Amino acid sequence: MARALRPVRGTHDLFGDDKRRFDHIVVTARSIAAAYGYAPMATPTFEFTEVFRRTLGETSDIVTKEMYTFASGSGEEVTLRPEGTAPVARALVSGGRLQVLPARLFYDGPMFRRERPQKGRMRQFHQVGIELIGEPSPVGDVEVIAAGARLLKELDLADSVVLRLHTLGNSASRDRYRSALVGYLDQRREGLSADSRRRLDRNPLRVLDSKAPEDRQVANEAPRLLDFLDRESADFFAAVRHHLDALGISYEIDPMLVRGLDYYMHTTFEFVTDRLGAQGAVLAGGRYDGLTERMGGPALAGTGWAAGIERLALLTGDALPAATRPVLVACISAAATAQALLCAETLRNMGLATELALQGSLKRQLRHADRIGARAAVLLGDRELEAGLALVRDLDTGQQSEVPFALLPNHLSEISSNG
RNA sequence: GCGAGUGUAGCUCAGUGGUUAGAGCACCGGUUUGUGGUACCGGGGGUCGUGGGUUCAAGUCCCAUCACUCGCCCCA
């Protein structure tokens, strides 16, 4: 036997309940998105590298070290998407779908970042997300936050997360704050961690959410972004809070909450948990006005979020909707094969999930029925063929009855309907 | 990219430098030649991650390497 191959680092396979839990999250998210008028859409799994380089920020870690980038073969450089928002903006622009605004869109699918894997962090991970494009009102931010809160509630995670809210203000406010912060931090450079000294030069706002103990005090006493908001930015933030309050959505203002990606402005938020080790954020987003312009289209407002499916799955634990219980058609003799196949198709026509067992002893086939969680088994052998009927075994009660072929669908529907 | 921990059966794990490496679960068979799930009986399954070293003797100690896990960085 050849050496067993293994999955690529940071990827993994999903079977059984794990896969059902995953799908349940996607289905739930899609249905909640639909309730808010967000239409499903999909973008390619890879894009020209330019799409991400232009929008995430040249200095972001995603762009500098985490992208899976390769040559497309025709001289173009392409990248497996590390996140979903930039591709959505690109798709609206390149598809010319800017006639009907605002656009409300839902997506789900794999994302790729070349990071060291750890709990809740994979190299191929999966997100669901919504984007509201072309809506400049702070009510739009509240709408997407409400949809996110509803998703978490629907997944029974309302008590596991808290909503952290902050604002980066408009670009003028943000620039003024940035210079004030750099001035403050620069005087305390010696006291900062090595990581934060690097952040100071590249992305100073990130010093604020550093975990290093030596940085904490410096960050806590730093000038507050909220004090640097101009009138427009302050009003915007006040409106977001006002409408969240009106909806009864509770939140904490987190002055240390900043975003890693350059395109965010005004509202930023994260639903965080303390149950996933180092990875607290399960659903996060914010406002990104102007992203479509960077994609070569008109300047449009935008706001939205993405949620990590693996992280949500870790939190939802064992909670799962009941699996469909199939009927097993057991073919006991070779002569009964055609009848068994026909019988299985007939049951499927009735909408009953049906699996056909073709090999092994009856004992083996019934054991298989038990393992796949079958509700009932239809037994077909020489005796049944001759008599023109089938044995139907209720696998929960063990009761067995003889049923003419024509009555099988009704009989099995009956059994399946109670459990 | 950096740090720590862990690698023994399909899975979860015992195994004090000393006989032929074990358990539970899972799997296969039998009790039942056409009857699952429970019970009882039996069986198969191991490059002890890999390579080197120390030793009379290594799953056990040392070194290297690979993988996984967790953390840093960053982020969903």
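It should be emphasised that the depicted structure is a prediction, and the values quoted were computed from it without experimental measurement. Naming convention: chains lettered A, B, ... in sequence-line order (proteins, then strands); numbering from 1 in each chain.
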From CZ of Arg375(A) over to C1' of rG36(B), roughly how many Å is that when rounded to an integer? 14 Å
Strictly by Watson-Crick or wobble contacts shorter than 3.5 Å, is anything paired with rG3(B), and which nucleotide is it? rC70(B)
Using the C1' atoms only, state how far rG59(B) lies from rG15(B), rounded to an integer number of Å. 8 Å
Once you round it to whole Å, what is the distance between P of rC75(B) and CG of Leu314(A)? 20 Å
In plain terms, say whether Arg383(A) and Glu386(A) are close enough for a salt bridge, that is, a side-chain N and a carboxylate O under 4.0 Å apart. no
Any strand: nucleotide that pairs with rC75(B) via Watson-Crick or wobble, under 3.5 Å: none
Within the structure shown, what part of the strands sits under 4.0 Å from Gln400(A) by heavy-atom distance: base, sugar-phosphate, or nothing? base
Using a 4.5 Å cut-off on heavy atoms from C-beta on, say whether the side chain of Val258(A) contacts that of Thr268(A). no
When all nucleic acid strands are considered with a 4.0 Å heavy-atom cut-off, which category describes Gly285(A): base, sugar-phosphate, or nothing? nothing
Give the nucleotide from the list rC72(B), rA76(B), rG34(B) with an atom nearest to the side chain of Asp195(A). rC72(B)
Between Asp396(A) and Ala306(A), which is nearer to the 5' end of RNA chain B once each is assigned its nearest nucleotide? Asp396(A)
Show the numbers, then the answer: is there a side chain to side chain contact (heavy atoms under 4.5 Å, CB included) between Asp108(A) and His126(A)? CA-CA 7 Å; Asp108(A) 70 272; His126(A) 299 78; over 6 Å; no
Taking atom types as they are modelled, is there a donor-acceptor pair under 3.5 Å from the base of rG36(B) to the side chain of Arg371(A)? no
I want to check one thing: is the phosphate of rC68(B), taken as OP1 and OP2, less than 4.0 Å away from some side-chain N or O of Arg6(A)? no
Determine the contact category for Arg383(A): base if any of its heavy atoms lies under 4.0 Å from a base atom, sugar-phosphate if only primed atoms, P, OP1 or OP2 are that close, otherwise nothing. base
Can you say whether a donor on the side chain of Glu384(A) sits under 3.5 Å from an acceptor on the base of rG34(B), or the other way round? yes
Starting from C1' on rC66(B), measure out to CZ on Arg9(A) and report it in whole angstrom. 9 Å
Within the 4.0 Å heavy-atom criterion, would you say Ala284(A) contacts the bases, only the backbone, or no part of the nucleic acid? sugar-phosphate
Could one point to a donor on the side chain of Arg311(A) or the base of rC75(B) with an acceptor on the other under 3.5 Å away? yes
Identify whether NZ of Lys or CZ of Arg in Arg241(A) sits under 6.0 Å from the centre of the six-membered ring of Phe237(A) and within 45° of that ring's axis. yes
The single option from Glu47(A), Glu293(A), Glu50(A) passing salt bridge (charged side-chain N to carboxylate O under 4.0 Å, His left out) against Arg90(A): Glu47(A)
Rounded to the nearest Å, what distance is computed from the CD atom of residue Gln118(A) to the P atom of nucleotide rG71(B)? 5 Å
How is Gly398(A) classified with respect to the nucleic acid when contacts are heavy atoms under 4.0 Å: base, sugar-phosphate, or nothing? base
Residue Pro117(A), side-chain atoms from C-beta onward, closest of rG71(B), rG34(B), rU69(B): rU69(B)
With rounding to the closest Å, how many angstrom separate the C1' atoms on rA57(B) and rA26(B)? 36 Å
Let me know the distance between CD of Glu115(A) and P of rG1(B), rounded to the nearest Å. 13 Å
Report yes if at least one side-chain N or O of Arg116(A) is closer than 4.0 Å to OP1 or OP2 of rC68(B); otherwise report no. no
Integer angstrom distance from the C1' of rC25(B) to that of rU20(B): 25 Å
Do Arg188(A) and Glu221(A) pass the salt bridge (Lys or Arg N to Asp or Glu O under 4.0 Å) test, and can you show the C-alpha distance, the side-chain angles, and the key distance before you say yes or no? CA-CA 11 Å; Arg188(A) 292 155 185 82; Glu221(A) 293 171 359; 5.8 Å; no
Any strand is fair game: report the nucleotide pairing with rA14(B) by Watson-Crick or G-U wobble, both distances under 3.5 Å, or none. none
Just to be sure I understand the rule, does Arg367(A) reach a base, reach only the sugar-phosphate, or reach nothing, if contact means heavy atoms closer than 4.0 Å? sugar-phosphate
Partner lookup for rG43(B), please. Criteria are Watson-Crick or G-U wobble with both distances under 3.5 angstrom; report none if nothing qualifies. rC27(B)
Whole-Å distance between rC74(B) C1' and Leu208(A) CG? 16 Å
Looking at side-chain heavy atoms only, is the closest gap between Arg375(A) and Asp394(A) below 4.5 Å? yes
Rounded P spacing from rA4(B) to rC62(B) in Å: 15 Å
Considering residues, nucleotides and ligands other than Phe48(A), do more than 12 of their heavy atoms fall under 6.0 Å from its CZ? no
Under 4.0 Å between any heavy atoms, over every strand shown, what does Arg364(A) touch: base, sugar-phosphate, or nothing? Just pick one. sugar-phosphate
Asp274(A) has an atom CG; how far is it from atom P of rG71(B), in whole Å? 13 Å
Atom P, compared across rC11(B) and rG46(B): separation rounded to whole Å: 13 Å
rC68(B) versus rC63(B) - spacing of their P atoms, nearest Å: 23 Å
Considering only atom C1', compute the distance from rC13(B) to rU19(B) and round it to an integer number of Å. 24 Å
Using heavy atoms to find the nearest nucleotide of RNA chain B for Lys211(A) and Ile309(A) separately, return the residue whose nucleotide is more 5′. Lys211(A)
So Leu391(A), base contact, sugar-phosphate only, or nothing? Heavy-atom distance under 4.0 Å. base
Taking only N and O in the side chain of Lys363(A), is any of them less than 4.0 Å away from OP1 or OP2 of rG36(B)? yes
What is the distance, to the nearest angstrom, from the CZ atom on Arg199(A) to the C1' atom on rC72(B)? 10 Å
Span that lies between the C1' atom of rC72(B) and that of rU65(B), in whole angstrom: 23 Å
The Watson-Crick or G-U wobble partner of rA57(B), with both key distances under 3.5 Å, is none
